[in-house]
Amino acid sequence: MSVALWVVVPYIALTIFVVGHVWRWRVDQFGWTTRTTQVLESRLLRLGSPLFHLGAFAAIGGHVLGLLVPKSLTEAVGVDEHLYHLVSVSAGTVAGLMVVAGLGLLLTRRLTSPRVRRTTTRADKVLFAVIAATIALGMSATVGQNLLGGGYDYRATIAVWFRGVLTFHPDPGLMAGVPLIFQLHALSAWVLAAIWPFTRLVHVWSAPIAYLWRPYVVYRRRAPLGVRR
């Protein structure tokens, strides 16, 4: 069971993630979009979307730092365990609350606006359920275990196991003693990775980054008809 959960499941999810994106790009380029519903309702979207996206970016950045940067490296630059724990918990809690608030507003918008609700597909419903579960488990681990509880140093176990998965040397034994809430959060993240290519999340890879360096466009006001004559 340990090998199945912490070796087989991650590689199945990663395989679906990669192959699914290739398949989606080849057969459904016109569907490679957010399927925005801004024209149907924008009041809740104007507040919920920035909250959700900014919180998600902050949470992803925290996960990258915690999982991919070894503990020995942060200690080498003068960040001890106490300081790391303080920054991680405080920043993670703020980011989590932003994601929760943003997702709550977006889901409320989906449920209360008939026009937006009619555009919600089955894939959207599955995606929202998985995202909500992942966020709830992550917040429970951050707030319940690390903020209000006794704390848990995931960098000594989960982070090492995760880097082992990426380098094809996974050690499932590292996850044996991990608290259940962290295990469930990790499994929900793999489920999210597996369904990613088949949902609107593919728009993440189409962010208009090129807008940052493309030439600007000059707009000129048209003169009134009398002046042109």
Side-chain angles (χ1 to χ4, degrees), residues 9-10 12-64 91-144 181-211:
V9 169
I12 289 177
L14 287 173
T15 301
I16 296 175
F17 182 85
V18 174
V19 176
H21 276 92
V22 174
W23 172 84
R24 179 78 180 272
W25 179 255
R26 290 178 63 88
V27 304
D28 188 30
Q29 289 191 30
F30 286 107
W32 194 285
T33 173
T34 61
R35 299 180 63 253
T36 180
T37 53
Q38 183 175 0
V39 296
L40 303 179
E41 196 282 335
S42 60
R43 181 175 59 88
L44 291 175
L45 186 65
R46 282 198 299 267
L47 180 59
S49 182
L51 274 174
F52 177 79
H53 285 88
L54 291 175
F57 291 149
I60 292 172
H63 280 72
V64 170
T93 301
V94 172
L97 292 176
M98 291 176 63
V99 173
V100 170
L103 182 62
L105 289 172
L106 295 178
L107 292 179
T108 300
R109 175 177 177 269
R110 290 260 166 199
L111 294 174
T112 59
S113 174
R115 293 191 298 174
V116 176
R117 188 168 61 247
R118 283 195 292 270
T119 65
T120 304
T121 65
R122 292 181 180 178
D124 291 334
K125 295 177 182 178
V126 173
L127 174 63
F128 296 148
V130 175
I131 288 180
T134 304
I135 293 172
L137 292 168
M139 286 296 292
S140 299
T142 299
V143 178
I181 193 67
F182 284 92
Q183 293 182 345
L184 293 176
H185 180 54
L187 291 174
S188 67
W190 289 123
V191 174
L192 181 61
I195 68 172
W196 189 304
F198 314 104
T199 66
R200 64 176 64 212
L201 285 181
V202 293
H203 79 276
V204 171
W205 315 119
S206 300
I209 301 176
Y211 279 36

For this session: For side chain to side chain contact (heavy atoms under 4.5 Å, CB included), just list the numbers for Leu40 and Arg118, CA-CA rounded to whole Å, side-chain angles, deciding distance to a tenth of an Å, and then say yes or no.
Result: CA-CA 11 Å; Leu40 303 179; Arg118 283 195 292 270; over 6 Å; no
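- In this structure, His185 contributes its side chain and Ile181 its backbone to no donor-acceptor pair below 3.5 Å.
- Between the side chain of Thr142 and the backbone N or O of Met139 there is no donor-acceptor pair closer than 3.5 Å.
- When atom types are taken as modelled, the side chain of Ser42 and the backbone of Leu45 share no donor-acceptor pair closer than 3.5 angstrom.
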Problem set entry | Intermediate values then yes/no, side chain to side chain contact (heavy atoms under 4.5 Å, CB included), Phe198 and Val126 | CA-CA 10 Å; Phe198 314 104; Val126 173; over 6 Å; no
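- Residue Ile195 holds its CD1 atom at 10.5 Å from CD1 of Ile16, rounded to the nearest 0.5 Å.
- Put simply, the side chain of Arg24 gets close to the backbone of Gly31: a donor and an acceptor are under 3.5 Å apart.
- Atom NZ in Lys125 sits 15.5 Å away from atom OG1 in Thr199 (nearest 0.5 Å).
- Of all the heavy atoms in Trp32 and Val202, the pair that sits closest is NE1-O, 3.2 Å.
- No side-chain donor from either of Arg109 and Ser113 sits under 3.5 Å from a side-chain acceptor of the other.
- Note that OG1 of Thr37 is 4.5 Å distant from CZ of Arg110, once rounded to the nearest 0.5 Å.
- The heavy-atom pair separating Gly102 from Leu51 by the smallest distance is CA-CB, 3.8 Å.
- Separation of atoms OG1 (Thr120) and CG (Leu107) is listed at 9.5 Å; rounding is to 0.5 Å.
- Residues Leu106 and Ser49 approach most closely at CD2-N, 3.9 Å, considering heavy atoms.
- With rounding to the nearest 0.5 Å, the separation of CG in Leu111 from CZ in Arg117 is 7.5 Å.
- Between Phe17 and Pro197, the shortest heavy-atom distance links the atoms O-CG, 3.5 Å.
- Remark: Glu41 CD to Thr119 OG1 distance equals 11.0 Å, nearest 0.5 Å.
- Using modelled atom types, one side-chain atom of Trp196 and one backbone atom of Leu201 make a donor-acceptor pair closer than 3.5 Å.
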